[in-house]
Amino acid sequence: QVQLVESGGGSVQAGGSLRLSCAASGYTYSGYCMAWFRQAPGKEREGVAAIYTGGGSTYYADSVKGRFTISQDNAKNTLYLQMNSLKPEDTAMYYCAAYLGPRCGALWRIVGVYNTWGQGTQVTISS
């Protein structure tokens, strides 16, 4: 059974940092587009960053470029999101997601293409 389990969320002040982790199990890690999404109350779920596990290509939303870094440890089947210079508008529930495919490409930010989701981890940034 495919499972994604997020951890690492918390509450920090603006300007601080957090690192989210997503542990994947139940399938061969390579060959997936793995992504981080977030959803704030009353807002749609939006793509934050993605990485193709087979080659390492990365993708970022404009709002987080230069502040967030997505990475992976294939040996541990774990996805990471290093978040620096956090802002109050980064406050949201953060989800890890995955879909099997040859690449991430332009589809990476589309919620509907992902068929596996974690339960989410809350990130709260205070001003």
Side-chain angles (χ1 to χ4, degrees):
Q1 182 178 355
V2 176
Q3 278 194 318
L4 300 175
V5 179
E6 303 97 333
S7 61
S11 299
V12 298
Q13 291 189 327
S17 298
L18 284 171
R19 188 176 81 155
L20 306 184
S21 298
C22 172
S25 63
Y27 65 101
T28 303
Y29 187 73
S30 181
Y32 281 78
C33 181
M34 301 285 296
W36 290 98
F37 282 77
R38 67 186 180 186
Q39 188 167 19
K43 294 188 176 181
E44 293 186 353
R45 192 168 296 190
E46 64 172 354
V48 174
I51 188 168
Y52 185 63
T53 64
S57 298
T58 57
Y59 307 79
Y60 293 94
D62 288 344
S63 60
V64 305
K65 280 181 182 177
R67 300 189 299 122
F68 291 9
T69 303
I70 191 169
S71 62
Q72 60 182 349
D73 185 332
N74 285 1
K76 295 182 179 179
N77 283 6
T78 301
L79 180 72
Y80 301 100
L81 186 69
Q82 178 66 43
M83 305 186 295
N84 299 328
S85 303
L86 284 161
K87 304 176 181 180
E89 51 263 43
D90 295 318
T91 295
M93 185 71 79
Y94 282 70
Y95 299 90
C96 175
Y99 75 87
L100 180 64
R103 67 186 65 82
C104 290
L107 299 179
W108 80 266
R109 62 180 76 228
I110 300 176
V111 172
V113 304
Y114 293 86
N115 53 16
T116 304
W117 292 84
Q119 83 288 350
T121 185
Q122 178 67 39
V123 171
T124 303
I125 312 302
S126 58
S127 58

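Positions are given from 1 along the sequence.
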J.: Does Gln3 reach the main-chain N or O of Gly26 with its side chain, forming a donor-acceptor pair under 3.5 Å?
T.: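 Such a contact is absent between Gln3 side chain and Gly26 backbone.
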
J.: Tyr59 and Cys104: which non-hydrogen atoms are nearest, and at how many Å?
T.: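 The pair with the smallest heavy-atom distance is CE1-CB, 3.3 Å.
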
J.: Do Val123 and Leu20 come close enough that some side-chain heavy atom pair is under 4.5 Å?
T.: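 Answer yes - side chains close enough.
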
J.: Any side-chain heavy atom of Trp117 within less than 4.5 Å of one from Leu4?
T.: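 Not in contact.
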
J.: For the backbone of Thr78 and the side chain of Gln72, can you confirm whether one donor and one acceptor N or O come within less than 3.5 Å of each other?
T.: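 Absent.
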
J.: Please, which pairs that meet salt bridge (charged side-chain N to carboxylate O under 4.0 Å, His left out) have at least one residue in residues 53-66, sequence neighbours excluded?
T.: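 Counting only pairs at least two positions apart or across chains, the salt bridge (charged side-chain N to carboxylate O under 4.0 Å, His left out) contacts touching residues 53-66 are Asp62-Lys65.
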
J.: Between Gly47 and Ala61, what is the shortest heavy-atom contact and its length?
T.: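 Of all heavy-atom pairs spanning Gly47 and Ala61, the closest is O-CB, 3.4 Å.
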
J.: How would you list, by chain and number, every residue that makes a side-chain contact (heavy atoms from CB on, under 4.5 Å) with Ile110, sequence neighbours excluded?
T.: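 Scan of Ile110 (side-chain contact (heavy atoms from CB on, under 4.5 Å), adjacent residues dropped) gives Leu107, Val113.
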
J.: Identify, with sequence neighbours excluded, every residue that meets ring-ring contact (aromatic ring centres under 6.0 Å, His included) alongside Tyr99.
T.: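 Once residues adjacent in sequence are excluded, the partners of Tyr99 under the ring-ring contact (aromatic ring centres under 6.0 Å, His included) criterion are Tyr114.
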
J.: List, one per line, each side-chain donor-acceptor pair under 3.5 Å for residues 81-88, sequence neighbours excluded.
T.:
residue : atom : partner : partner atom : Å
Gln82   : NE2  : Asn84   : OD1          : 2.9
Asn84   : OD1  : Ser17   : OG           : 2.9

J.: Show the numbers, then the answer: is there a side-chain contact (heavy atoms from CB on, under 4.5 Å) between Gln119 and Val5?
T.: CA-CA 7 Å; Gln119 83 288 350; Val5 179; 4.3 Å; yes

J.: Not counting sequence neighbours, list each pair that qualifies as a disulfide bond (SG atoms under 2.5 Å apart) and has a residue in residues 54-99.
T.: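 Qualifying pairs, neighbours excluded: Cys22-Cys96.
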
J.: With sequence neighbours left out, what residues match Thr58 under side-chain contact (heavy atoms from CB on, under 4.5 Å)?
T.: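 Testing Thr58 for side-chain contact (heavy atoms from CB on, under 4.5 Å), a comparison that skips the adjacent residues, returns Ile51, Tyr60, Ile70.
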
J.: Out of curiosity, does Trp108 fall in the hydrophobic cluster containing Tyr32 (side-chain heavy atoms, cut-off under 4.5 Å, transitive links)?
T.: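 Per the 4.5 Å side-chain linkage, Tyr32 and Trp108 are not co-clustered.
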
J.: Who are the side-chain contact (heavy atoms from CB on, under 4.5 Å) partners of Thr124, not counting sequence neighbours?
T.: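 Checked Thr124 against side-chain contact (heavy atoms from CB on, under 4.5 Å); matches are Ser11, Thr91, Gln122.
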
J.: Clusters formed by hydrophobic residues whose side-chain heavy atoms approach within less than 4.5 Å: which one holds Tyr52, and what are its other members?
T.: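 Direct or chained contacts put Tyr52 with none.
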
J.: In the structure I gave you, are the side-chain heavy atoms of Ile125 and Gln13 within less than 4.5 Å of one another anywhere?
T.: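 They are not in contact (no side-chain heavy atoms under 4.5 Å apart), so the answer is no.
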
J.: Would you mind writing out the side-chain donor-acceptor pairs for residues 33-43 within the sub-3.5 Å range, not counting sequence neighbours?
T.:
residue : atom : partner : partner atom : Å
Trp36   : NE1  : Tyr80   : O            : 3.3
Arg38   : NE   : Glu46   : OE2          : 2.7
Arg38   : NH1  : Asp90   : OD1          : 2.9
Arg38   : NH1  : Tyr94   : OH           : 2.9
Arg38   : NH2  : Glu46   : OE2          : 3.2
Gln39   : OE1  : Arg45   : NE           : 3.2
Gln39   : OE1  : Arg45   : NH2          : 3.2
Gln39   : NE2  : Lys43   : O            : 3.1

J.: How would you list, by chain and number, every residue that makes a side-chain hydrogen bond (donor to acceptor under 3.5 Å, both in side chains) with Arg103, sequence neighbours excluded?
T.: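 Partners of Arg103 by the side-chain hydrogen bond (donor to acceptor under 3.5 Å, both in side chains) criterion come out as none, since no residue qualifies.
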
J.: Going hydrophobic residue to hydrophobic residue with side-chain gaps under 4.5 angstrom, can you get from Val64 over to Val12?
T.: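 Same cluster.
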
